[in-house]
K.L.:
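I'd like to ask some things about the structure below.
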There are 2 protein chains.
Amino acid sequence: MPRPANPLTRTKLLEAAFAVIRSKGYSATTVDDICRAAGLSKGAFFHHFASKEELAVAAALHWSETTGALFESAPYHTPADPLERLLAYVAFRREIIQGDLPDFTCLVGTMAQEVYGTNPAIQKACWESIHGHAETLVPDIEAAMRDRGIDADWTAESLALHTQAVLQGAFILAKASGEPRRAVESIDHLYRYIEGLFGVAGLRTRPAGRRTSRTGE
Amino acid sequence: MPRPANPLTRTKLLEAAFAVIRSKGYSATTVDDICRAAGLSKGAFFHHFASKEELAVAAALHWSETTGALFESAPYHTPADPLERLLAYVAFRREIIQGDLPDFTCLVGTMAQEVYGTNPAIQKACWESIHGHAETLVPDIEAAMRDRGIDADWTAESLALHTQAVLQGAFILAKASGEPRRAVESIDHLYRYIEGLFGVAGLRTRPAGRRTSRTGE
DNA sequence: AATTAAATACCGACTGGTTGGTATTTATGT
DNA sequence: ACATAAATACCAACCAGTCGGTATTTAATT
């Protein structure tokens with residue numbers, strides 16, 4: 001009878017891949033890099049994954065699972081109002097921009113950029129991760145549109161994906177400038193956009209006296 | 001007297017680098033790839049550039065120059081009103097999303113993502129390209145804020161950079177999904193945001209009957 | 001309970017091909 | 001003749017992936 005798979009080994013490899021790929025990108029990451037980061041051997045790597053490509057696909061899936069769990073248990077679901085939940089989601093995304101760049105940037109966004117033209121399997125896994133995450137926002141957006149009687153020429157899905165576009169673009173600004181604050185500022189604009197879309201007060205002008213940051217960082 | 005350098009050679013290498021890096025990314029691009037695409041030899045390559053890294057920096061600079069010239073001569077400058085010019089810029093960015101992905105995506109955004117942690121020289125050149133381009137929008141944004149008496153808790157620079165974030169993020173969506181339309185939809189949201197910020201009518205609801213596309217594609 | 005067989009987990013040296021870069025040579029314009 | 005541009009040949013380091021082997025676990029058999 002078989003020796004049972006040590007679930008830690010595979011996970012260690014996947015999470016080592018998260019760290020290395022998020023800081024160097026997919027192409028520049030070597031299998032040895034990942035093994036070193038995981039404290040495992042090449043033998044272990046190729047026992048669990050047939051190729052570097054297969055690891056990348058598995059990593060994208062594991063990314064969907066771990067981030068899915070993170071967002072499910074995140075505090076932004078508490079408001080009763082769907083629009084407030086949506087805004088709380090954006091505020092949450094803003095709040096978790098902390099520490100070093102590889103700690104808060106997106107694995108699948110990074111990989112997609114590198115492999116879209118050369119590796120359909122990885123591309124597909126990345127898109128499913130991004131799209132799947134965006135889909136979790138759609139019910140709240142639809143409810144908010146209904147609640148506020150919005151007759152829009154945009155769809156809930158397109159707004160959900162737009163939030164992801166802003167996040168991905170914000171990460172690029174942060175990486176290029178080396179300043180995470182650039183990402184935060186862009187997410188602030190996204191927050192303001194959603195407020196405006198749904199007619200939350202104070203979009204165009206604001207009362208005298210600086211409005212304080214809504215997250216109170 | 002020395003044999004004069006053929007000015008086409010260096011440019012051919014740089015533009016070959018544009019094409020290859022935009023479709024495969026920086027790390028996956030080999031020097032031989034670029035030489036093949038340029039129809040030149042490795043000898044020519046290393047005669048003009050000391051290293052692959054130096055080529056990347058030169059490519060980022062050349063990118064700033066060529067895109068700078070493209071945008072300077074683009075038609076979005078014609079409106080007299082600064083806000084209209086800004087909106088025309090966004091509409092122009094939307095219009096030029098055509099053809100294959102490597103034909104309209106951003107070289108320096110792609111590179112920045114891969115090298116930000118490992119190659120400061122390239123990262124710097126990428127940031128200067130993105131930031132420099134964003135800066136060209138700042139005077140119009142400032143003028144539009146003045147014209148409309150906007151007392152904002154955001155700066156002109158942050159809005160200019162936000163437009164770039166949305167564009168970069170839109171490219172990632174397009175690459176991940178394989179559907180350029182996803183990028184267009186995100187840019188539509190950006191357009192709507194700027195309209196809303198400056199109090200252009202019709203943000204929250206719209207008159208009965210579908211509003212037609214503003215660019216009339 | 002002890003032994004053995006079978007299956008898997010993991011190791012690390014090795015390989016064939018690729019990579020960035022160098023050394024040498026040839027072509028070309030002055 | 002001379003200096004530079006560009007081509008070719010070449011190299012050492014590196015890479016993904018392979019392979020023979022060892023360690024560990026479980027189940028069947030005694």
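A, B, ... follow the sequence lines: proteins, then strands. Residue 1 opens every chain.
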K.L.:
Over how many whole Å does the gap from A:F49 atom CZ to D:dT18 atom P extend?
P.N.:
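Atom-to-atom, A:F49 to D:dT18, this comes out as 15 Å.
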K.L.:
Can you give one letter per nucleotide of nucleotides 9-17 of chain D, 5' to 3': B if a protein heavy atom sits under 4.0 Å from the base, S if only from the sugar-phosphate, - if neither?
P.N.:
------SBB
K.L.:
In whole Å, I'd like the distance from the CG atom of A:L40 to the P atom of D:dT24.
P.N.:
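Taking atom P of D:dT24 as the reference, CG of A:L40 is at 15 Å.
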K.L.:
Could you tell me whether the side chains of B:H131 and B:Q164 share a donor-acceptor contact shorter than 3.5 Å?
P.N.:
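No - no donor-acceptor pair under 3.5 Å links their side chains.
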K.L.:
List in chain and number order the residues that pass side chain to side chain contact (heavy atoms under 4.5 Å, CB included) with B:T155, two or more places apart in sequence or in another chain; answer none if no residue qualifies.
P.N.:
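Applying side chain to side chain contact (heavy atoms under 4.5 Å, CB included) to B:T155 gives B:E157, B:S158.
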K.L.:
In degrees rounded to 10°, what angle is found between the helical axes fit to the five outermost pairs at each end of the helix from C:dA1-D:dT30 to C:dT30-D:dA1?
P.N.:
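That helix has its two terminal axes inclined by roughly 0°.
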K.L.:
List in chain and number order the residues that pass salt bridge (charged side-chain N to carboxylate O under 4.0 Å, His left out) with A:R36, two or more places apart in sequence or in another chain; answer none if no residue qualifies.
P.N.:
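Result, salt bridge (charged side-chain N to carboxylate O under 4.0 Å, His left out) vs A:R36: A:D33.
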K.L.:
Tell me the closest heavy-atom pair linking B:T9 and B:A44, and the distance in Å.
P.N.:
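Nearest heavy atoms, B:T9 then B:A44: CG2-CB, 4.4 Å.
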K.L.:
Find the distance B:L13:CG to D:dA7:C1' and express it as a whole number of Å.
P.N.:
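Atom-to-atom, B:L13 to D:dA7, this comes out as 13 Å.
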K.L.:
Could I get the full list of side-chain hydrogen bond (donor to acceptor under 3.5 Å, both in side chains) partners for B:S177, not counting sequence neighbours?
P.N.:
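Not a single residue meets the side-chain hydrogen bond (donor to acceptor under 3.5 Å, both in side chains) criterion with B:S177.
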K.L.:
So, using side chain to side chain contact (heavy atoms under 4.5 Å, CB included) as the criterion, who are the partners of A:P102 when residues are at least two apart?
P.N.:
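Per chain and number, A:P102 pairs via side chain to side chain contact (heavy atoms under 4.5 Å, CB included) with A:R22, A:S23, A:D100, B:Y116.
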K.L.:
Does D:dA6 have OP1 or OP2 under 4.0 Å away from a side-chain N or O of B:H48?
P.N.:
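For B:H48, the contact criterion (side-chain N or O under 4.0 Å from OP1 or OP2 of D:dA6) is met.
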K.L.:
With A:K52 as the cation and A:Y26 as the aromatic partner, state whether NZ or CZ is under 6.0 Å from the six-membered ring centre and within 45° of the axis.
P.N.:
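Yes, a cation-pi geometry.
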K.L.:
Tell me: CG of A:L8 to C1' of C:dT8, nearest whole Å?
P.N.:
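So the two atoms are 16 Å apart, to the nearest Å.
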K.L.:
Nearest to the side chain of B:H47, which nucleotide is it out of C:dA9, D:dA5, C:dC11?
P.N.:
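Comparing C:dA9, D:dA5, C:dC11 against the side chain of B:H47, the answer is D:dA5.
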K.L.:
Quickly, which of B:W154, B:Y193, B:Y191 forms a ring pair (Phe, Tyr, Trp, His ring centres under 6.0 Å) with A:Y193? Name it, please.
P.N.:
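Single pass found, and it is B:Y193.
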